[in-house]
Amino acid sequence: NAGVTQTPKFQVLKTGQSMTLQCAQDMNHEYMSWYRQDPGMGLRLIHYSVGAGITDQGEVPNGYNVSRSTTEDFPLRLLSAAPSQTSVYFCASSYMGRRRNTEAFFGQGTRLTVV
Amino acid sequence: KNEVEQSPQNLTAQEGEFITINCSYSVGISALHWLQQHPGGGIVSLFMLSSGKKKHGRLIATINIQEKHSSLHITASHPRDSAVYICAVRSIIFDKLIFGTGTRLQVFP
């Protein structure tokens, strides 16, 4: 049981480049989400999904795109990287509905630098 | 004002000391989570609370729903407890996690 697998762990991009952060979970969780963590701020929600084929915007969605073609995978795409997207990114998953008040699982994080 | 406030922001302690980290929130919640993040590391769930008190080893978490307040206690602190501790609440209305900014704890031998 691997939990939440997030890759890569580190990435450096040039301004304007695109990339995809991968996130996969093997716990059959309905809810998956992406956060960014910046100094002095709590984790902020970028996008989330409540099931395959369903995604929605969070607090800071601009410049990011997501899709949820399967229950297991929830990739985050940076369309045209900007220095303001330099941050640490976390993917998380959890149950929903009657089981929503159970443990949330987080990936190991991706430290992204845009130069 | 943030919906989830943690105090203190930074905390240093000597090994063996009793540690308390506080979390106050202003929204209706269905649950509160305490998370731990080691330097350069991922985020690990310590506790999920909807009422009362939970204990795991040297860690104790309490919540007072009426006062909208939770505390995380560490007894007999150890240098390996050095980490950022994050409080997060699940909002009843939006059913999403709202995070505090974290408390950075350093325990010295």
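Convention: sequence-line order gives letters A, B, ...; per-chain numbering from 1. Keep in mind that this is a model prediction, so the values were computed, not measured.
The part of A:Gln37 that comes within reach of chain B is its side chain, from C-beta onward, which places non-hydrogen atoms under 4.5 angstrom from that chain. Contact annotation for B:Ile86: only side-chain heavy atoms (C-beta onward) come within less than 4.5 Å of a heavy atom of chain A. Heavy-atom distances place no part of B:Gln6 under 4.5 Å from chain A, backbone and side chain included. Of the two parts of A:Phe105, neither the backbone nor the side chain holds a non-hydrogen atom closer than 4.5 Å to a non-hydrogen atom of chain B. Of the atoms belonging to B:Leu49, not a single heavy atom falls under 4.5 Å from chain A.
Using a 4.5 Å heavy-atom cutoff, the side chains of A:Met32 and A:Cys91 are in contact. Side-chain contact check for B:Ile19 versus B:Asp81: every heavy-atom pair is 4.5 Å or farther apart. Between A:Leu78 and A:Leu112, the closest side-chain pair of non-hydrogen atoms falls below 4.5 Å.
Side-chain contact, A:Gln11 with A:Thr110: no donor N or O sits under 3.5 Å from an acceptor N or O.
A side chain to side chain contact (heavy atoms under 4.5 Å, CB included) with A:Trp34 holds for exactly one of A:Leu76, A:Leu45, A:Val60; it is A:Leu76.
Contact count against chain A (heavy-atom pairs under 4.5 Å) is highest for B:Thr101 among B:Thr101, B:Leu97, B:Val44.
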